Amino acid sequence: MKYPRYIARVAWPIITSYGWIRKYAKNPTKYTMEEKYNRLRKLIARVAKGLSLEVYVKGFENIPTDGNSFLMTPNHLSMIDPFLLFLYVDTPLSFVGKKQIIKYPFVGKCMKMLESIFLDRSDLRQGLAM
């Protein structure tokens, strides 16, 4: 009986949010980064709570709080791991990901919405240009 409960807690919020995610992904410059980030952050918090995830963050004190840009390179084990960073970082994040992620329905749209950069790993020149 636990699987229907997970569907109600997790799948339903993701399905109902797909409309505004698609809208933001289609016109990423029309909306502010803070608006997009905060809305996605609330969704991720709801999904994490629905899955009863326990997240351990190491090195959180090293994230700059003075407003400067920074680069994080998380060692993640699944597609959801980078999105869990939203729960701990207040400033808007963007990602660099492989080109194939664009095809993933939810993750690809979210990354496009956040104006992420997609890298073709078979093209070394593009990687150097980034």
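Please read all numbers here as calculations on a predicted model, not as lab measurements. All heavy atoms count here, side chains included; hydrogens, waters and symmetry mates do not.
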Legend entry - Min side-chain heavy-atom separation L40-M113 under 4.5 Å: yes
Legend entry - S17 side chain to P13 backbone, donor-acceptor under 3.5 Å: yes
Inset, instruction - Return the minimal non-hydrogen interatomic distance between D90 and R41, and the atom names on each side. - result: OD1-NH2, 2.9 Å
Inset, instruction - Would you mind reporting whether I117 and S94 have side-chain heavy atoms less than 4.5 Å apart? - result: no
Inset, instruction - Kindly state each residue pair satisfying salt bridge (charged side-chain N to carboxylate O under 4.0 Å, His left out) with at least one member in residues 9-29, sequence neighbours excluded. - result: none
Inset, instruction - Go through the structure and list residues passing side chain to side chain donor-acceptor pair (under 3.5 Å) with N38, not counting sequence neighbours. - result: none
Inset, instruction - Report yes if some heavy atom in the side chain of L43 is under 4.5 Å from a heavy atom in the side chain of F83; otherwise report no. - result: no
Legend entry - Same apolar cluster: Y104 and I21, side chain cutoff 4.5 Å: yes
Legend entry - Closest heavy-atom pair and its distance - I101, M111: CG2-SD, 3.5 Å
Inset, instruction - Give every residue pair that meets the salt bridge (charged side-chain N to carboxylate O under 4.0 Å, His left out) criterion with at least one member in residues 30-39, sequence neighbours excluded. - result: K36-E115
Legend entry - same_hphob_cluster(V107, Y18) at 4.5 Å side-chain heavy-atom cutoff: no
Legend entry - Pairing residues for Y31 by the ring pair (Phe, Tyr, Trp, His ring centres under 6.0 Å) criterion, not counting sequence neighbours: Y24
Legend entry - Pairing residues for E54 by the side chain to side chain donor-acceptor pair (under 3.5 Å) criterion, not counting sequence neighbours: Y56
Inset, instruction - For residues I102 and K109, determine if any side-chain heavy atom of one lies less than 4.5 Å from a side-chain heavy atom of the other. - result: no
Inset, instruction - Side-chain contact test, heavy atoms from C-beta onward, threshold under 4.5 Å: evaluate it for L119 versus K98 and give yes or no. - result: no
Inset, instruction - Not counting sequence neighbours, which residues clear ring pair (Phe, Tyr, Trp, His ring centres under 6.0 Å) with Y37? List them please. - result: F86
Legend entry - Verify same cluster id: I15, L51 (apolar side-chain graph, 4.5 Å): no
Inset, instruction - Flag the pair I14 / V47 as yes when at least one side-chain heavy-atom distance between them is below 4.5 Å, and no otherwise. - result: yes
